[in-house]
Student: 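Can you keep this structure in mind? I'll have questions shortly.
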Amino acid sequence: MRQPFVAGNWKMNGSLDSVNTLLDGIKAGIGEVKEAEVAVCAPFVFIPKAQQKLNGSPVAWGGQDLSVHDAGAYTGETAGSMLKDFGCRYVIIGHSERRTYHHESDDLVAAKFQAALKAGLIPIFCIGETLEQREGGITEEVVGRQLDAVLNLDDGATLGRGVIAYEPVWAIGTGKTASPEQAQDVHAFIRNRVAGKNGAVAEKIRILYGGSMKPGNAAELMAKPDIDGGLIGGAALQAEDFLGICTAAN
Ligand code: 13P
């Protein structure tokens, strides 16, 4: 059995005030979450606050990106070792917003995946197709290519040290969730592709769904056999909504 996992991706949202309130709210309600492992991925500057508030709680914290480099003259970047220094357990890699706005290639994403592991972080590896690609009938081609960038680094063992998040770009922040069947189809495709390389990794790797997941649709999505949790954007910004999704895994 794979333990469900719900991770919040706050993206570039929040103030010190709102983050305090959000973290207090999550801490106050986390006792109701029986099954899911829970994490929040905060903007870099809020990570020390997350550490201070969540230390000793069952909620883990992480970053939303990291540099492919260990250290040096890379203005504006943050190394995995720095995230590790502040107690991060996770880091999101290859989010569609990074791929789109920062032109991150599959190769760079694969290198960041390895940089995360090297720093002792667990990568949350995002893949997903755009609306145009879905309508063009190339969802599996696109998702397969993105997945292979990490899957083909070796026999699948490297991929197996991370978590996969399937995030159809057309469902992110649009209120247009993939139906449980649409999501399950792609999740099954992903798991089968991993199985083609490494059965043990396919069996144990968690594949999260992300894209307009809310308390009202989370249980239905997570009931699908290959959907092991969620990566939550908008609904992770209010403790009640986020906890509602986390308890949907109960
Ligand atoms: P929304 O939940 O706001 O659609 O965002 C999903 C996402 O991109 C999480 O990484």
Side-chain angles (χ1 to χ4, degrees), residues 4-14 18-19 22 26 36-44 46-47 50 59-66 83 88-102 104 109 112-113 116 121-131 133-134 139 142-143 146-147 150 162-180 182-183 186-187 190 206-222 224 227-249:
F5 178 35
V6 179
N9 172 10
W10 296 350
K11 308 192 180 183
M12 196 177 76
N13 290 294
S18 72
V19 161
L22 178 54
I26 292 171
E37 181 187 350
V38 177
V40 295
C41 295
F44 293 135
F46 296 138
I47 286 174
V59 183
W61 58 95
Q64 300 172 7
D65 180 38
L66 86 172
L83 297 178
C88 288
R89 180 169 167 80
Y90 291 99
V91 63
I92 297 172
I93 306 285
H95 193 279
S96 65
E97 289 147 18
R98 301 285 322 168
R99 293 179 189 261
T100 303
Y101 304 134
H102 301 272
E104 293 198 2
V109 172
K112 287 190 172 189
F113 191 109
L121 299 162
I122 300 171
I124 301 174
F125 170 42
C126 300
I127 56 182
E129 83 288 1
T130 64
L131 182 61
Q133 290 164 336
R134 171 162 286 260
T139 297
V142 170
V143 169
Q146 293 172 338
L147 178 66
V150 176
V163 175
I164 297 170
Y166 168 59
E167 298 207 310
V169 178
W170 48 273
I172 296 176
T174 57
K176 211 172 137 189
T177 321
S179 70
Q182 277 177 322
V186 182
H187 281 236
I190 293 166
R206 292 183 291 185
I207 310 177
L208 315 183
Y209 168 79
S212 299
M213 200 189 251
K214 299 179 190 68
N217 60 25
E220 219 190 349
L221 283 157
M222 289 193 264
K224 291 293 181 191
I227 302 181
D228 305 311
L231 182 57
I232 321 301
L237 298 173
Q238 297 290 337
E240 198 185 333
D241 289 345
F242 185 58
L243 290 166
I245 295 171
C246 297
T247 49

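Because the structure is a prediction, the values reported are computed rather than measured. Basis for what follows: all heavy atoms, side chains included, without hydrogens, waters or symmetry-related copies. Order of appearance sets the numbers: ligands from 1, and atoms from 1 within every ligand.
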Student: Hey, does Thr174 come in under 3.5 Å of ligand 1, counting only N/O atoms on both sides?
Tutor: no

Student: Should the proximity of Leu231 to ligand 1, defined as any heavy atom under 4.0 Å, be assigned to the side chain, the backbone, both, or neither?
Tutor: both

Student: Check for me whether Lys11 has a heavy atom closer than 4.0 Å to any atom of ligand 1.
Tutor: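 Judged by the 4.0 Å heavy-atom criterion, Lys11 does count as contacting ligand 1.
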
Student: Specify whether Tyr209 and His187 have parallel, tilted or perpendicular ring planes, treating 30° as the upper limit for parallel and 60° as the lower limit for perpendicular.
Tutor: tilted

Student: Within the 4.0 Å heavy-atom shell around Gly211, which atoms of ligand 1 are there?
Tutor: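 Answer for ligand 1: 4 (O), 6 (C).
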
Student: Can you tell me how far apart CG (Leu231) and CD1 (Ile172) are? Round to the nearest 0.5 Å.
Tutor: 8.5 Å

Student: Measuring from the heavy atoms of Gly173, does anything fall under 4.0 Å of ligand 1?
Tutor: yes

Student: What protein heavy atom sits nearest atom 3 (O) of ligand 1, and how far off is it?
Tutor: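 For atom 3 (O) of ligand 1, the nearest protein heavy atom comes out as Gly234 N, 2.8 Å.
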
Student: Under the salt bridge (Lys or Arg N to Asp or Glu O under 4.0 Å) test, which residues partner Asp65, sequence neighbours left out?
Tutor: Arg98, Lys112

Student: Any non-hydrogen atom of Ala171 lying under 4.0 Å from ligand 1?
Tutor: yes

Student: Can you pull out the closest protein heavy atom to atom 7 (C) of ligand 1? Residue, atom name and distance to 0.1 Å, please.
Tutor: Glu167 OE2, 3.1 Å

Student: Please report which non-hydrogen protein atom sits nearest to atom 2 (O) of ligand 1, along with the residue it belongs to and the distance in Å to one decimal place.
Tutor: Gly233 N, 2.9 Å

Student: Please determine whether salt bridge (charged side-chain N to carboxylate O under 4.0 Å, His left out) holds for the pair Glu37 and Arg89, giving the CA-CA distance in whole Å, both sets of side-chain angles, and the decisive distance to 0.1 Å.
Tutor: CA-CA 12 Å; Glu37 181 187 350; Arg89 180 169 167 80; 3.6 Å; yes

Student: Is a side-chain donor-acceptor pair under 3.5 Å present for Gln64 with His95?
Tutor: no

Student: Distance check, rounded to the nearest 0.5 Å: Ile92 atom CD1 versus Cys126 atom SG?
Tutor: 6.0 Å

Student: Mind checking ring pair (Phe, Tyr, Trp, His ring centres under 6.0 Å) for Phe5 and listing every partner two or more places apart, or none if nothing turns up?
Tutor: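 Residues passing ring pair (Phe, Tyr, Trp, His ring centres under 6.0 Å) with Phe5: Tyr90.
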
